[in-house]
Amino acid sequence: RHTGELSVMAKFRNVATVYLLFVVASQALLVQTVLSESAKTLIINTEHFPPLSTTKETGFEDLVAREMYRRVGYEIRLNFLPSERVLYNANMGIDDGLLSRVGGMAKKYPNLVQFEESLFKADYVAFSRKKNIRVAGWDSLKPYHVGIITGWKILEENITNAKELTKVKNAKALFSLLEFDRIDIAVFSKYSGLQIAYQRGLHDVRALMPPLATRKRYFYLHKKHRALASRASVALRAMKNDGSYKRIFDRTLGKLMLN
């Protein structure tokens, strides 16, 4: 009888051990699944500058990036930061990448991988309320007090001889300077500048033509995602070919061209 009780206890221990192993394995599988799903989400840095990127994530770049990454199996979470921090965090690998910047950023931020396919061509223009100002290239800014956003490298590298240069942290601050005549000219991207002037009711602000520069803009990822950058670039090219890129462009930027 005593031997039988020991046998029953041994069987109980065996069953308990198997059950415990099953629970541990199930928990490990659950953790692995969560980590796997987490690994499929990219943190992509951006600034808030409508209509290209908005806090509601309905800007041109927001929508293109979300669809592009979806096609290669990734979700994205947009991380809104000041311009310089957008670059720093992505370059350091704190975050996974960023929305578009001009080509060649890897020269200063060597851990960034530029996509092969460009997103679009951006015009960088001078905005002013003063009717007597004419511009034709970077050197024509010399007589004026100019405002730009810190971290916009194409502007920082080319606007070197203005009468006075004021740098601010975001577009809101930049156009406030223009609104209250603290600067003569705000240099900014054409689409975003038109949108901000319209939203603030600055009907006397003009985008001075021709543009100071026109540059192709590209998405970037940290170098740990080098292979993904190549795949996503192919997806972006496919979006241009199948019409989805144009549909996003028309409903976000196209209306500004009409205005």
Side-chain angles (χ1 to χ4, degrees), residues 29-49 51-81 83-122 151-154 189 191-192 214-254:
L29 180 61
L30 178 61
V31 170
Q32 184 179 10
T33 301
V34 170
L35 290 175
S36 176
E37 291 176 353
S38 172
K40 287 290 187 179
T41 299
L42 298 171
I43 308 301
I44 302 297
N45 295 338
T46 180
E47 303 167 70
H48 172 63
F49 56 109
L52 299 178
S53 185
T54 72
T55 51
K56 292 183 179 180
E57 302 185 9
T58 56
F60 170 69
E61 295 193 20
D62 305 332
L63 298 176
V64 170
R66 192 169 300 283
E67 173 61 15
M68 176 191 69
Y69 283 116
R70 185 195 67 79
R71 293 187 180 200
V72 293
Y74 283 79
E75 297 294 326
I76 62 171
R77 182 162 67 83
L78 295 180
N79 188 27
F80 290 88
L81 297 169
S83 180
E84 190 69 34
R85 180 64 65 175
V86 165
L87 291 161
Y88 176 84
N89 279 21
N91 185 64
M92 295 299 292
I94 298 170
D95 302 312
D96 296 300
L98 59 145
L99 294 186
S100 83
R101 290 296 178 100
V102 294
M105 296 303 297
K107 293 178 181 178
K108 185 168 183 178
Y109 299 91
N111 293 329
L112 295 182
V113 176
Q114 177 182 310
F115 280 29
E116 297 170 11
E117 184 72 15
S118 66
L119 179 62
F120 71 108
K121 287 183 179 180
W152 282 44
K153 301 306 175 186
I154 184 174
S189 66
Y191 290 126
S192 295
T214 300
R215 297 284 189 276
K216 289 183 178 180
R217 291 177 66 102
Y218 299 82
F219 288 139
Y220 287 85
L221 284 173
H222 186 267
K223 65 182 181 182
K224 64 188 174 186
H225 299 301
R226 187 178 300 274
L228 177 59
S230 180
R231 290 167 50 208
S233 191
V234 172
L236 177 57
R237 192 175 306 122
M239 288 177 63
K240 292 180 179 180
N241 291 334
D242 66 23
S244 54
Y245 173 96
K246 185 179 186 300
R247 286 191 291 274
I248 294 172
F249 182 95
D250 287 346
R251 75 174 190 259
T252 54
L253 302 184

Item to complete: Taking all heavy atoms of P51 and all of S192, pick out the closest pair and write down the distance.
Response: CD-CA, 3.6 Å
Discussion item. Can you tell me how far apart CZ (F219) and CG (L99) are? Round to the nearest 0.5 Å.
Written reply: 5.5 Å
Discussion item. Within this structure, what is the CZ-CZ distance for the pair R66 and R77, rounded to the nearest 0.5 Å?
Written reply: 11.0 Å
Worksheet item: What distance separates I248 CD1 from E61 CD, expressed to the nearest 0.5 Å?
Response: 11.5 Å
Discussion item. Quick check: closest heavy atoms across G59 and T54, and the distance to 0.1 Å?
Written reply: N-OG1, 3.6 Å
Discussion item. Could you measure the distance from the CZ atom of F115 to the CG atom of L221? Nearest 0.5 Å is fine.
Written reply: 4.0 Å
Item to complete: Report yes or no: does R217 contribute a side-chain atom to a donor-acceptor pair with the main-chain N or O of S100 at less than 3.5 Å?
Response: yes
Discussion item. Using side-chain heavy atoms (C-beta onward) and a distance below 4.5 Å, is R237 in contact with V234?
Written reply: yes
Fill in: Closest approach of Q114 to G103 (non-hydrogen atoms, all atoms of both residues)
OE1-CA, 3.4 Å
Fill in: Partners passing ring-ring contact (aromatic ring centres under 6.0 Å, His included) against Y245 (at least two apart in sequence or in another chain)
F60
Worksheet item: Side chains of L119 and Y218: does their closest heavy-atom pair fall under 4.5 Å?
Response: no
Discussion item. Taking side-chain contact (heavy atoms from CB on, under 4.5 Å) as the definition, give me every residue that meets it alongside I94, ordered by chain and number, with sequence neighbours left out.
Written reply: Y88, N89, M92
Fill in: CG on N79 to CG on N45, rounded to 0.5 Å
5.0 Å
Worksheet entry | Residues in side-chain contact (heavy atoms from CB on, under 4.5 Å) contact with S244, at least two apart in sequence or another chain | R71, M239, D242, R247
Worksheet item: Quick one: side-chain hydrogen bond (donor to acceptor under 3.5 Å, both in side chains) partners of T55, sequence neighbours excluded?
Response: none
Fill in: Any residue meeting side-chain contact (heavy atoms from CB on, under 4.5 Å) with K107, in chain and number order, not counting sequence neighbours
none
Response to the item:
Contacts of E75 meeting salt bridge (charged side-chain N to carboxylate O under 4.0 Å, His left out) (sequence neighbours excluded), chain-then-number -> none
Worksheet entry | Test log, rule side-chain contact (heavy atoms from CB on, under 4.5 Å), inputs L42 and L228 | CA-CA 11 Å; L42 298 171; L228 177 59; 3.7 Å; yes
Discussion item. Salt bridge check, K246 against D250: does any charged N sit closer than 4.0 Å to a carboxylate O?
Written reply: yes
Discussion item. Could you work out, with salt bridge (charged side-chain N to carboxylate O under 4.0 Å, His left out) as the rule, every residue matching R215, not counting sequence neighbours?
Written reply: none
Worksheet entry | Residue pairs, two or more places apart or on separate chains, that pass ring-ring contact (aromatic ring centres under 6.0 Å, His included) and touch residues 225-244 | none
Worksheet entry | Which residues share a salt bridge (charged side-chain N to carboxylate O under 4.0 Å, His left out) with K108, sequence neighbours left out | none
Fill in: Nearest heavy atoms of Y69 and A232, plus distance in Å
CE2-CB, 4.2 Å
Worksheet, complete the sentence: What one should report as the nearest heavy-atom pair of S118 and L236 is O-CD2, 3.7 Å
Practice prompt. Give the minimum heavy-atom separation between S53 and F80, together with the two atoms involved.
Written response: OG-CE2, 3.6 Å
Worksheet item: Which salt bridge (Lys or Arg N to Asp or Glu O under 4.0 Å) pairs, counting each pair once, include a residue from residues 88-104, with sequence neighbours left out?
Response: E47-R101, D96-K224
Item to complete: Report the distance from atom CG of L253 to atom CG of L52, rounding to the nearest 0.5 Å.
Response: 6.0 Å
Fill in: Set of residues satisfying salt bridge (charged side-chain N to carboxylate O under 4.0 Å, His left out) with respect to K240, sequence neighbours excluded
E117
Worksheet, complete the sentence: The side-chain contact (heavy atoms from CB on, under 4.5 Å) partners of L112 (sequence neighbours excluded) come to L87, A90, N91, L98, Y109, Y220
